[in-house]
Structures are given as C-alpha cells and as structure tokens.
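Position 1 is the first residue of the sequence, and the numbers go up from there.
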Amino acid sequence: MTDLEVNKTVDGEYGYKKYDTHEGILFCIELTGTLFEPVESLQGRSNLLEILYSLKELMYQLVIVRPGSSVGCIFHYTDINGAVDGVYEFLPLRDVNAKDMKTLSDFLEDIEEKRINIFQYFKFDGSKHVSLERLFQLIGEKYSEEREDGKKFTHKRAFLFTDNDAPPESNDTEATRRISKIVDDLDETAVSFTTFFIGSEEAPFDNRFYSNVLKLGAQLKHSDYDGPSVRPITGSDIKARILRGKEIKRTMFQCPLYLNKDSNFIIGIRGYAIVTHEKYGTRYKLTYEKEDIRQEAFSKRKYLNSKTGEEVDPKDISKVIPYGDVNIELSAEALQQMRASYEEEGPFMKVLGFRSTDLCVKYFNNIDKPSFIVPDELQYEGSIKTLASLFRTLRSKNKSAIIWGKPKSNSNSALYIMVPSHREDRNDGFYMHRIPFLDELRKVPIKMVDNDWTQLDNDLLTVTETILKYFNLRQGYIPSEFKNPGIQNYYKVLHDYILQVEEIKHEGWDFSQEELLRQDDTLKKISHIRGKIEASNDSDKVLSGYMNMWNLFYKSLETNNVKWSEPVAKKAKI
C-alpha cells in the first residue's frame, strides 16, 4: 500500500507522487527487577516475556500486512556481552526478516524449555545507570543511520517500555530540560513515542515526569496512532496495544474542497482508507540457476497478430473505444477535451448543497468503501477551523453535504455525500460515500411465495430481535476482532517452514474441534453462542422458547416443501 502526495508537474497538470509506506518500530525496553517477576493476570508469565511474545506476534503479523516494515529491539540497564554503556541491541532496526524472527523464536523456545534463565541471560544491573538523555540520542541515531537499501523511513515510532516512574532525571531540573530539548529535536525529525507505562493496582505508575518530558516537551504532531498518551497500562494490556502497531493510516487522496468557488472560499481535505483487506503475498517467483547462483526470472509481454501470429511493434498499437459495431479511436488530447466539458483539471471537490442525513444515506449507496475525511492544513491555512465549524454545524442539524468532484486526477467525477460521524463514534470527522448513478443501481429481487406470511414474518422479526438482545450482538460483526483463517494458515505454513517449527498433525488431517476453534476466531465465537443456546434449555426457559419457535418454523418449511421462487420477469408490451 502506498501513500499519496499531491504535486504539480512542470506542464501544470496535477498528479500524485507515490512513495512506499516504510515504517520503523523500535522497542526500547528498560529492564527493572519487577519486570522479571511473574504476574498473576498473565498466568504466571512476567511482563518482560509478555513484551517479547507480543513482539514475536507483531513481526508475524507485519510479514502479512506490511512486509516492508522495520522492527528493532534494544534493552537498557544490562551488563550483557555486547552492551555499550548499559544498552544492548537485541534486534537491529531493519526490515522484518526470517533471521531476526528465528533469533527471537529460538530465544523464547530456550526460555520455555528452561535451557536459559532470562534474568541471568540479560545480567540485569540496576546500578549501571543509563541516562534517558543518552537513550533518546541513541534512538535518533538508529533512525538516522544509512541503510543498505537506501530506503528512508516515512514513519518513525519508538515504543517505550518501563515500570520505573522515578528515573534519576526526575529529580534533576537541568537533566529534565536537556531531555525535553532532545525530544523536541526528535519531533522535528518525525520520531514519535508510543508509551507503555506498566503499573498495577498495588503499585500504580506515576506518569507526571514522562508527561512533562514527552507530552509537554514536544508537540508530537507526527504521532498518527496513540497520540501523546502517557496513560499507564497493566500487564494484560501490553499485547493488545503492541499489536496495534500493525495499523497505519493510509492516505488515499488530497484535494481542495470548494465551499464557495465564486468567493474563492477553499479548504484542503485529506482522505484516509477506513477498511483495508489482508491478502496473500506473491504465491511464488520464477527462478533459474546460473553458475550455481539462483536468480529471479522475469516475464515479458509480446503482442501478436491474431491471424498471422507475427509479433507486432507496440508503437503500432492504438487504443480504440468500441461503440456498437464501430471502433472509435480518440487521442489523449481528445479525451482530455471531452472531460474538460464537465469536470475541472486536477483533483477537486465542490459542495453543491446540504440535505438531511436521513434523506441522504440509503442502503443502496453502499457501492464502494467510504473514506474518512480530515482537514489538510498544509494546502490551505485555516482548513482545520473551517472544517471543524462545518462539522459541528452539520452534526447539530443532522445534515450532510452533497459534493461533486473527483478526489484523484485519474478518477472520474461523481457525486458524494459527506456525513459527519455520530456522537458515539470514537472518530470525529466526516465519512464520504460515493452516490451511485441511476444505471449503477441493481434491481432488488422480490420474495415471491404462495401464501401470505406477512404476520409470520413480523413475529419472527420480533423473536430474532429478542434473541440478539440475549447475546449482546447489537454491534454486529466487527472485522478487526476476527482474523482471516485462510490467510493466517497460509503464512503459518511458511512461518513454520522457515523457523523449523515442528507440529504434530492429527491422523488423516482430521483436526479436532479444539484445534479448529483455535485456528478460526469466527468458529470460536459461533461455538460460544451455541454453548449459550444449549445451556438455555436448562437455565433459561424464555430463550429456549424463542429458539423453539424458529425450529418449528424451519420444520414447517421442510414439511410443506416451501421454496423461494425467483422474481418473474415482466414482458414488454408492444
């Protein structure tokens, strides 16, 4: 996935400059005596092990969703061989690769099998002071190092782990000032901090020092994720928050929004993708052996004459538009002239008017993924205040904006609805939906049955609504809570092959129910609901009664052999 930036070419045409999203995540773990201690909420696992296991799963997920991301890990307050000034680089900051994944996997396996003692391995030395000033300088150095591939980081994130809320610098005003200045310098180079302040009910974390250094000492305007939060967390929150590291905002477009073009009232907007799909990577590559070295083979496209089979020079090929039995050839200039008659040059969005949200948002508008719209202050100053005012006004009046335009220079102009988010929504901004034209609407099939079951349908709707209340399923299906089992299994096979992980297979590949539930989050959820339904036969007579109504309905369908017929096509009148 790539981010987009608007730029203007030499000849005045607008376009988009693409660059690869390249993120670098650096784990900075401060070793303390309490970090090695077992935690009851983690089934006896220590907070340090929870961090490392979460790091392992994060790397596994990044291979699937963003294989070009870089991950590193450093420890401080350690006297292990290879440590410099108490800081040890466990994993260098580089793209996720099999070598680092195997290093971490083997290390955790050695701990599980008790071949090594993690406390003795790191040689924790609480007396070997590592100043935060030196640590933050090191973070900056890691992100500024020259890389072999020449790629620069577009996102730089330092994950700061500690359960020590009173470092020596907290009582030194001059040291605090110097650290704050370094954080300001890191902010200027787009390095942001995501904090993991670990506390407990018995020993809550006091975040006042870090709040002063990280939140007030720098604006952290580059933090696109958790923001400048210094909220303490417990050990059970570590994994969930680390795995959010695979989330990233993807800019889909940037363009001007004309509120009133005649008076030159323009603001800048930026659109983000709300939904993205995890996909399989490249299934395979074609390679060949040359001088005992494996090299990648590349394909080449040729154009052949359909009658003679002779190769045709690509320069002699032209694009035509079929119109009936006629092929019309239009030049690029002719197409541009045709488009200029109904749309402007370059990306633009223009407000046509406003309408009640209840009248605008229809179920048949769901033909494309919506975008999340936020102001873009870099293009037009004052965009944040203007769009914020528009947002408050439209939400208070329950209205939406009707927009005409194209968010990208290579897209076609269309109608859009810009809907303000609900008050219950955690995101404050606009959702932009594309409105279909008349010829894009599908005909809705009509249910045709022999008998009039209107009353029965209404009764079943009431019964179903009551059942859903029992299971608290009002929020519906939340994709972020369910992993795709096909994709996960595909990459698990590759992961186990690379890391040489042995797994005992069931005879005939007939997995047990427990194994299937472990691999598929959706099946696990369904099994949980099924268990509640089965338990209701003994404990909840009301729920079991509603379920029996549905069972009787299905049995009546089987007994009467009722079928749902297809809609009858109407014959045209002559």
Do Asp100 and Val71 touch side chain to side chain, with heavy atoms closer than 4.5 Å?
no
Would you say that Tyr416 contacts Ser371 through its side chain, given a criterion of any heavy-atom pair below 4.5 Å between the two side chains?
no
Does the side chain of Val419 come within less than 4.5 Å of Cys360's, by heavy atoms?
no
List the steps and the verdict of side chain to side chain contact (heavy atoms under 4.5 Å, CB included) for Met349 and Met418.
CA-CA 11 Å; Met349 304 299 288; Met418 209 163 70; over 6 Å; no
Centroid-centroid distance, Tyr258 to Phe265, less than 6.0 Å:
no
Residue pair Glu23 / Thr154: nearest heavy atoms and the distance that separates them:
N-OG1, 4.5 Å
Considering all heavy atoms, the nearest Met101-Tyr60 contact
CE-CA, 4.1 Å
In this structure, OG of Ser356 is separated from CG of Asn398 (nearest 0.5 Å) by 5.0 Å
Look at the rings of Phe437 and Trp404 and say which category their plane angle falls in: under 30° parallel, 30 to 60° tilted, over 60° perpendicular.
perpendicular
Would you check if the side chain of Glu377 reaches a backbone N or O of Gly382 as a donor-acceptor pair within less than 3.5 Å?
yes
Quick one: are Ser409 and Pro347 in side-chain contact, heavy atoms under 4.5 Å?
yes
Within the 4.5 Å heavy-atom criterion, are Thr189 and Ser144 side-chain neighbours or not?
no
Return yes if some donor-acceptor pair links the side-chain N/O of Thr195 with the main-chain N/O of Phe159 below 3.5 Å, else return no.
no
How many angstroms lie between atom CD of Glu333 and atom CG of Leu330, to the nearest 0.5 angstrom?
11.0 Å
Looking at Gly24, is its backbone amide N or carbonyl O close enough to the side chain of Tyr143 to form a donor-acceptor pair, meaning the two atoms are under 3.5 Å apart?
yes
For Lys102, is the NZ atom crowded, meaning more than 12 foreign heavy atoms sit under 6.0 Å from it?
yes
Can you tell me how far apart CG (Asp358) and NZ (Lys399) are? Round to the nearest 0.5 Å.
12.0 Å
Atom OG in Ser192, atom CG in Leu214: separation rounded to 0.5 Å?
11.0 Å
Considering non-hydrogen atoms only, spot the tightest contact between Asp368 and Arg434 and give its length.
OD2-NE, 4.4 Å
Check Ser400 against Pro420 and note the closest heavy-atom contact, atom names and distance.
OG-CD, 3.9 Å
Among Leu160, Leu91, Leu52, Ile51, find the residue that satisfies the side chain to side chain contact (heavy atoms under 4.5 Å, CB included) test when tested with Phe27.
Ile51
Determine, step by step, whether Leu257 and Ile373 satisfy the side chain to side chain contact (heavy atoms under 4.5 Å, CB included) criterion, reporting the C-alpha distance in whole Å, the side-chain angles of both residues, the deciding distance to 0.1 Å, and the verdict.
CA-CA 11 Å; Leu257 174 63; Ile373 304 299; over 6 Å; no
What closest approach, in Å, do Lys406 and Ser411 show between heavy atoms, and which atom pair accounts for it?
CD-O, 3.3 Å
Do Ile417 and Arg355 have side chains that get closer than 4.5 Å, going by heavy atoms?
no
By side chain to side chain contact (heavy atoms under 4.5 Å, CB included) - contacts of Asp325 (at least two apart):
none
Take Leu93 and Phe153, measure what side chain to side chain contact (heavy atoms under 4.5 Å, CB included) needs, and give me the verdict at the end.
CA-CA 11 Å; Leu93 182 60; Phe153 291 112; 4.1 Å; yes
Please find the pair of heavy atoms, one from Glu89 and one from Ile74, that lie closest to each other, and give the distance.
CA-CG2, 3.9 Å
Test log, rule side chain to side chain contact (heavy atoms under 4.5 Å, CB included), inputs Ile25 and Thr194:
CA-CA 10 Å; Ile25 301 176; Thr194 300; over 6 Å; no
Look at atom OH of Tyr288 and say whether more than 12 heavy atoms of other residues, nucleotides or ligands are closer to it than 6.0 Å.
yes
Summary of ring-ring contact (aromatic ring centres under 6.0 Å, His included) pairs that have at least one residue in residues 374-403, sequence neighbours excluded
Phe391-Phe430
Are Arg94 and Lys99 side-chain neighbours, meaning at least one heavy-atom pair lies under 4.5 Å?
yes
Could you tell me if the side chain of Leu352 sits less than 4.5 Å from the side chain of Leu415, heavy atoms only?
yes
Side chain Ser389, main chain Lys385, donor-acceptor under 3.5 Å
no
In Å and rounded to the nearest 0.5 Å, what is the NZ to OG1 distance from Lys56 to Thr103?
12.5 Å
So CD of Gln61 and CD1 of Ile64: to nearest 0.5 Å the spacing works out to 4.5 Å
Atom pairs and distances, side-chain donor-acceptor, residues 305-322, under 3.5 Å, sequence neighbours left out:
from: Asn305; atom 1: OD1; to: Lys307; atom 2: N; distance (Å): 2.8
from: Asn305; atom 1: OD1; to: Thr308; atom 2: N; distance (Å): 3.3
from: Thr308; atom 1: OG1; to: Glu310; atom 2: N; distance (Å): 3.3
from: Asp313; atom 1: OD1; to: Lys315; atom 2: N; distance (Å): 3.2

